[in-house]
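Here is the naming used below: chain letters follow the sequence lines, and residue numbers restart at 1 for every chain. We use all heavy atoms of the structure for the numbers below, so side chains are in, but hydrogens, waters and symmetry mates are not.
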Amino acid sequence: MIDFLPDDTPELRAWRAEVRAFLAEVVPGGMHFDYDFDESPEGWEKSLDFWRKVGAKGWIGLTWPKEYHGLGRSAIERWILWEEFANWPAPGFPVIGHAVSWFLLRHGSHEQKLRHLKGIADCTILWGEGYTEPSSGSDLASLTTRAHRDGDDWIINGQKTFGTAAHQCQWMAVFARTDPNARPHEGISCFLVPLDTPGIQMLPMHNMAGGQQNQTFFENVRVPHANLVGDVNQAWSQIWFHQGGQNLDQPGHAPDVMEYRMLRTLKEVFTFCRETKRGGKPLIEDPVVRLQLAELVEGMEIIKLQSFELHSTLVNGTAEGWNPLGGVFNQIHYREFWPHFAQVCMDIVGPLAQIEGGRWAQLQGRIEHYFRGSFGNHAGGTAQLKRMTAATRGLGLPR
Amino acid sequence: MIDFLPDDTPELRAWRAEVRAFLAEVVPGGMHFDYDFDESPEGWEKSLDFWRKVGAKGWIGLTWPKEYHGLGRSAIERWILWEEFANWPAPGFPVIGHAVSWFLLRHGSHEQKLRHLKGIADCTILWGEGYTEPSSGSDLASLTTRAHRDGDDWIINGQKTFGTAAHQCQWMAVFARTDPNARPHEGISCFLVPLDTPGIQMLPMHNMAGGQQNQTFFENVRVPHANLVGDVNQAWSQIWFHQGGQNLDQPGHAPDVMEYRMLRTLKEVFTFCRETKRGGKPLIEDPVVRLQLAELVEGMEIIKLQSFELHSTLVNGTAEGWNPLGGVFNQIHYREFWPHFAQVCMDIVGPLAQIEGGRWAQLQGRIEHYFRGSFGNHAGGTAQLKRMTAATRGLGLPR
Amino acid sequence: MAIDFHFDEQQKLIRDSAREFFRKHCPPAAVRAAAKATEDFPAELWAGMADMGWLGITVAEEFGGLGASFLDLYVLYPEMGRFLVPAPHLDAVVVGAGLVSALGSVEQKQAILREVVAGKLLIAPALTDTGGFGAEDITTEARGANGGYVLNGTKLLVMAAGAANLLVVAARIAGAEGVSLFLIDAAAPGVAREKLPNIAGYPLYAVTFTDVSVGAEGLLGEAGGAWPALEAVLDKAAVLQAAMVAGAGERVLEIAVDYAKNRVQFGTPIGKHQAVQYLCTDVAVAQRHTALLALHAAWRIDRGLPVAREASLAKAMAAKAAAVMTFSAHEVHAGIGFMEDYDLSMYTRRAKHWESHLGDRRHHLERAIALTLEPAA
Amino acid sequence: MAIDFHFDEQQKLIRDSAREFFRKHCPPAAVRAAAKATEDFPAELWAGMADMGWLGITVAEEFGGLGASFLDLYVLYPEMGRFLVPAPHLDAVVVGAGLVSALGSVEQKQAILREVVAGKLLIAPALTDTGGFGAEDITTEARGANGGYVLNGTKLLVMAAGAANLLVVAARIAGAEGVSLFLIDAAAPGVAREKLPNIAGYPLYAVTFTDVSVGAEGLLGEAGGAWPALEAVLDKAAVLQAAMVAGAGERVLEIAVDYAKNRVQFGTPIGKHQAVQYLCTDVAVAQRHTALLALHAAWRIDRGLPVAREASLAKAMAAKAAAVMTFSAHEVHAGIGFMEDYDLSMYTRRAKHWESHLGDRRHHLERAIALTLEPAA
């Protein structure tokens with residue numbers, strides 16, 4: 001039955017109230033923190049403190065099986081939890097631990113799940129991303145980092161790049177070529193690597209929005225065979241994003257703190273327009289600005305509704321008339337809309353939007369920072385790649 | 001020396017005055033006629049009458065050599081002539097005779113030039129387009145119409161399609177495969193074919209804007225060897241559009257009546273906005289409409305300046321900083337801007353723009369007709385094809 | 001049920017039977033023939049739709065309808081878009097009968113609705129004087145006279161006025177505030193109907209009222225008080241118009257993708273080129289966005305939630321999608337799509353009507369932002 | 001000469017020597033260093049530009065300039081864009097000295113221009129109170145007092161105010177119509193300069209005037225009568241800003257095309273993909289359109305033709321191009337383009353300043369349509 005209402009039972013409404021009470025207690029007033037674009041030590045500290053408290057409630061692994069540090073709760077409860085976090089806002093979950101957790105839950109061994117999900121559930125262990133290489137971005141099959149067997153161990157050599165906040169992490173899921181003679185996508189394996197292993201070196205890179213990404217060099221890095229996830233040479237087909245959507249291994253899509261940052265930014269722009277006069281009139285009465293704002297509202301509304309559709313697909317299967325690859329279409333819209341949104345916000349705020357701080361900055365320079373961050377819209381695969389995935393896998397056009 | 005002034009001598013100004021006087025006498029008040037989108041017999045008759053008078057002045061072949069029915073005049077005089085025609089407006093030149101003339105001047109034999117340029121110069125013979133086939137649009141190399149030698153003749157079999165106004169023509173330049181064993185683009189020849197030759201049959205197709213295009217069937221159509229243009233099997237490399245720009249065989253680009261129709265349409269919309277009130281205020285004072293109009297003005301201005309640049313390139317060579325394939329960039333802008341322009345004009349005129357005629361139609365339904373015509377923006381190769389040509393030949397990206 | 005995009009069994013039944021019915025009765029040739037016919041739409045098609053019960057899905061059972069939900073009605077509309085059904089269901093039933101349901105006295109409902117449901121009475125809503133769909137765009141005048149009213153004005157873009165028995169006319173009563181609605185016999189003296197040739201080939205009319213008398217019983221709802229109900233009915237219609245665009249978009253996407261897969265140029269199907277893949281995903285994205293906004297708004301209607309903002313977002317997106325989807329599909333096709341005989345052009349022509357019908361993109365964006373910024377308004 | 005896009009020999013000479021000079025003095029490392037330095041811009045670069053004669057190209061010979069044409073000056077600007085030259089030529093010379101040339105008395109010109117041309121005196125135009133560039137955006141107040149004036153107000157986004165000796169301040173004289181300009185010593189009592197951290201890394205300042213006294217001789221032009229000349233100077237500057245964007249666009253295009261040719265993904269250079277080809281042609285098209293409009297406007301200036309409309313079209317297009325070119329180039333690059341150390345990000349940051357400097361796209365589109373519809377205005 002068509003429904004857009006997550007909490008249609010008293011139990012679910014109580015759950016939402018519980019989450020909200022937790023937030024009010026732990027991060028009163030909310031906390032803006034995007035680990036992608038922020039290197040402030042206080043920000044990291046407060047964000048980790050928050051997530052450790054979430055972990056202590058068991059909510060990071062809310063839907064995981066109880067035997068693996070989860071609470072075994074439903075997808076819709078997870079939706080409500082994240083919706084509240086996003087709305088509040090809570091800081092974004094630090095680095096890629098969530099993605100690793102779904103990957104481990106699907107492909108990890110019993111021992112790996114027992115051991116590694118704990119640190120994610122507690123937020124005591126942060127996981128970095130270990131697939132991107134300097135000459136291998138979305139094209140995982142072209143990666144050149146090598147791992148070869150040496151007794152009970154594997155020895156890794158190579159280089160990973162663009163590892164967002166990897167310097168804050170303790171572990172990394174590293175994809176490496178284990179069969180150099182196999183076809184490109186058939187010889188890749190995934191290893192769980194502690195980042196304090198000898199032979200690992202990290203060099204910082206800084207992105208346009210002030211976040212730190214990293215190059216990680218592996219020189220004869222030795223990890224035990226027990227740290228191989230799943231079967232050897234099978235990582236390409238296991239990898240969580242190989243279906244074109246990062247969310248497909250989740251029990252059901254949930255709203256995202258990062259996406260909701262857009263909504264909060266929009267509300268800030270509303271306020272700005274109400275309080276700012278241009279040509280003697282409040283900006284909010286300017287017909288051109290109103291149309292610009294309306295188009296931003298439209299794009300935001302679509303992002304929100306896409307989440308509903310994806311959740312329904314993952315939980316209830318694809319409804320007739322909806323593309324089974326809906327997640328990819330969501331990703332197209334988000335990647336294309338985000339920079340457009342940021343550009344229009346800058347336009348509305350006007351020439352003074354270029355000021356980054358101090359008393360003459362508009363909205364404390366947050367729009368300008370948001371704008372710079374929007375050049376990070378390629379993370380997880382470019383809009384162009386998503387378009388092609390949608391065209392070929394979603395619409396069936398030839399490759 | 002940088003210059004945008006076509007008539008900077010008294011002689012050229014006199015020439016412009018002469019053209020203007022001619023127009024004032026022959027088509028006082030101007031005449032809108034797009035043969036692409038108009039099947040009215042009166043329109044055709046008046047248009048042909050006009051062009052025969054132009055022909056009688058020798059102006060169709062203005063820049064052709066005198067020995068081939070031309071006047072041997074300069075490229076800048078041709079610019080001025082066409083600019084005046086476009087501004088007036090004169091009706092568009094009927095079908096593709098001009099393209100054929102440049103092709104013949106470059107590749108035709110002395111006898112062919114003598115004979116066939118006469119009918120074009122007089123506008124007594126109309127030439128149709130004979131390259132497009134049902135499964136071969138912009139991809140000339142894939143054409144399947146065949147011609148085989150039979151003594152002193154060639155026998156043509158096959159089918160051409162989308163021949164705009166071909167039913168009005170007496171001749172057609174037909175491209176056919178003359179060596180079925182050669183590589184696709186190496187076995188094609190061009191024949192000059194009278195359309196009353198036995199074996200030719202024509203079926204009409206109607207486009208969305210009310211123009212007639214045609215399918216032309218060739219069944220054992222016999223043409224003498226003398227009607228072959230240039231060398232056998234060489235047509236692919238000869239064809240006038242093979243450089244990605246139809247204008248490259250001209251002595252210098254000149255303004256175009258069709259493009260100027262856009263400018264006239266814009267002026268009509270200006271008038272409409274001045275005379276129409278919405279919400280109690282003249283539309284011309286609506287800030288949103290004004291921005292829409294400004295963007296249309298911007299796009300139009302670019303079209304006009306592109307003509308200048310192309311003219312300079314063809315006459316004086318590529319200036320530093322300008323892409324030698326400028327013509328293709330012009331074609332991109334025109335093809336992308338035209339439908340956008342038409343859409344915005346419809347938006348401005350509003351819901352009543354959908355009415356095609358009668359007393360409730362706005363601007364006598366001309367905007368609606370113009371809008372329908374804009375779906376013909378693929379003629380001469382789609383915007384997508386021009387983009388790829390610009391990227392690979394213009395910017396040097398790999399194919 | 002908590003977030004679900006599956007229609008329920010009754011809705012699936014209606015949708016599937018609609019698809020089957022329209023596939024049989026509205027092939028492209030029939031759609032083309034209807035646009036050229038002198039009658040406004042094929043009478044037998046309308047009778048068939050009446051037989052299926054589709055003229056009364058949301059009409060109360062006491063007046064001969066099914067008394068079903070808005071989503072039960074909604075599922076018809078993607079199919080009507082897909083098959084370009086040449087029948088004035090949206091205007092005559094959703095708006096026309098919808099206004100009688102919303103505002104009519106019991107007598108008016110008794111007299112009218114059962115006949116509408118049976119397909120025997122056709123209502124043409126004559127609302128717009130200028131093409132605009134805001135309250136301020138209504139200028140036709142009703143002058144009080146002899147205990148009734150005398151109407152003067154011209155209504156434009158009136159759907160199926162030629163076949164209509166009854167007109168619902170929006171007017172302003174001279175000297176009073178607000179919008180009033182009148183039920184007027186389409187054949188009443190002083191009513192002149194003029195067919196408007198239009199891009200969509202729809203039976204659109206200008207209806208001119210010259211000193212048309214109507215008794216006090218011709219008033220639908222309160223004098224000067226019709227706007228809130230009219231606005232609510234127009235919101236429902238806007239959502240369905242968006243659903244129609246989304247359904248047409250599914251078909252336009254199929255046409256474009258089929259062509260891209262099968263058309264070979266330069267040795268490969270053109271659908272292998274990323275430029276063409278971009279165009280096809282443009283169609284899919286616009287279709288999907290429209291469907292999302294429309295379905296959400298429809299759900300809000302059944303839940304009794306405020307829907308004006310969401311209806312406007314859906315219609316605004318649908319207007320954009322109507323243009324983008326057809327444009328992009330034409331870009332995929334180039335020459336062949338420009339031909340009248342190719343099915344795509346049928347969609348392009350009708351999409352142009354849908355774009356502005358019930359309010360154009362700008363109208364709905366302005367309304368949506370007003371409702372977002374000043375929700376109280 | 002009748003339609004020609006080739007610069008003449010003198011212009012080619014200036015352009016070529018500029019390219020050579022900037023290639024040597026403004027490599028990317030120098031541009032980055034300048035943005036982080038405490039001084040507003042590298043003094044030796046400015047001195048070098050003075051030596052080349054570039055601070056006085058259009059200044060009359062009697063005041064130490066070359067008295068050359070606007071196109072002679074124009075050819076510098078694509079190079080300044082290409083190399084992101086960290087020097088305030090546009091603001092200090094074109095606007096600042098340009099205003100003195102246009103409005104100054106012989107005494108003012110004598111005292112100032114020769115020094116400017118020699119690189120010894122730097123003028124910072126302090127024009128905008130709000131970021132807007134229309135006459136109505138000027139609100140700083142000058143009150144008549146003691147035969148002179150007292151200024152109060154804050155000017156924003158003032159380029160290189162820290163290094164400036166002299167400010168040209170736009171203000172309104174209390175109780176009088178029109179805009180007036182004042183020449184004010186940057187070190188005068190009551191002048192406070194505050195550096196504004198900004199996306200471009202440019203030396204932009206807020207300059208606050210608190211009861212700043214200036215004598216009658218500090219007035220530049222007529223009281224209340226500066227706007228026409230100011231507007232004309234701003235038009236010239238807008239055209240040059242557009243030329244700078246076009247020149248930067250050439251380099252951005254090179255960066256994007258080089259990357260697309262050399263970056264291999266899925267076994268082929270990404271530049272083989274039509275999606276990437278589209279993005280690269282987006283850069284090229286925006287660059288070309290900007291260059292066309294800017295060059296045409298520049299030519300009109302030298303021909304003495306009205307240029308306000310054409311200057312606004314050029315700047316409006318340049319604003320759009322600044323955003324489109326950098327955005328599209330980033331889309332080509334994905335991850336690496338997002339890195340501060342990659343050259344592209346230098347262009348992106350400065351392009352954001354250029355977008356709104358001397359008036360944003362909306363300002364210039366509104367001006368262009370006004371001048372198109374009401375050319376008399």
Exercise. For D/G335 and A/H378, work out which heavy atoms get closest and say how close.
Key: CA-NE2, 3.3 Å

Quiz item: What pair of heavy atoms forms the shortest contact from D/E340 to A/N207, and how long is it?
Solution: CG-O, 3.5 Å

Contacting region of [X] [heavy-atom separation from chain D under 4.5 Å]:
| X | result |
| --- | --- |
| A/A353 | neither |
| A/P134 | backbone |
| A/F162 | side chain |
| A/R387 | neither |

Going from [atom1] on [X] to [atom2] on [Y], what distance comes out if it is rounded to the nearest 0.5 angstrom?
| X | Y | atom1 | atom2 | value |
| --- | --- | --- | --- | --- |
| A/E356 | D/R349 | CD | CZ | 6.0 Å |
| D/H333 | A/F375 | NE2 | CZ | 13.0 Å |
| A/Q354 | D/L157 | CD | CG | 5.0 Å |
| A/D347 | D/R362 | CG | CZ | 10.0 Å |
| A/R372 | D/F338 | CZ | CZ | 9.0 Å |
| A/M346 | D/K352 | CE | NZ | 5.0 Å |

Any side-chain heavy-atom pair of [X] and [Y] under 4.5 Å:
| X | Y | result |
| --- | --- | --- |
| D/I199 | A/H369 | no |
| A/M205 | D/D341 | no |
| D/Q265 | A/L385 | no |
| D/Q274 | A/M388 | no |
| D/M339 | A/M208 | no |
| A/W360 | D/T154 | yes |
| D/H357 | A/P351 | no |
| D/T130 | A/L352 | no |

Exercise. Verify the distance criterion only: is there a donor paired with an acceptor across the side chains of D/N198 and A/E368 at less than 3.5 Å?
Key: no

Self-check item: Top contributor to chain D interface from A/G350, A/G376, A/G365 [non-hydrogen pairs under 4.5 Å]
Solution: A/G376

Quiz prompt | Option that, when pairs with chain D are counted at under 4.5 Å, heavy atom only, ranks first among A/A383, A/P339, A/S142 | solution = A/P339

Is it the side chain or the backbone of [X] that comes within 4.5 Å of chain A heavy atoms, both, or neither?
| X | answer |
| --- | --- |
| D/H353 | both |
| D/L204 | side chain |
| D/E355 | side chain |

Practice problem: Give a yes or no on whether D/R263 atom CZ has more than 12 heavy-atom contacts from other residues, nucleotides or ligands under 6.0 Å away. | Solution: yes

Self-check item: Residue pair A/R359, D/E194: steps toward the salt bridge (charged side-chain N to carboxylate O under 4.0 Å, His left out) verdict
Solution: CA-CA 10 Å; A/R359 62 180 177 135; D/E194 213 176 326; 2.8 Å; yes

Quiz item: For chain A, which of D/S356, D/A275, D/G132, D/A334 has the most heavy-atom pairs under 4.5 Å?
Solution: D/A334

Quiz item: What option among D/D137, D/V276, D/L279 has the most heavy-atom pairs under 4.5 Å with chain A?
Solution: D/L279

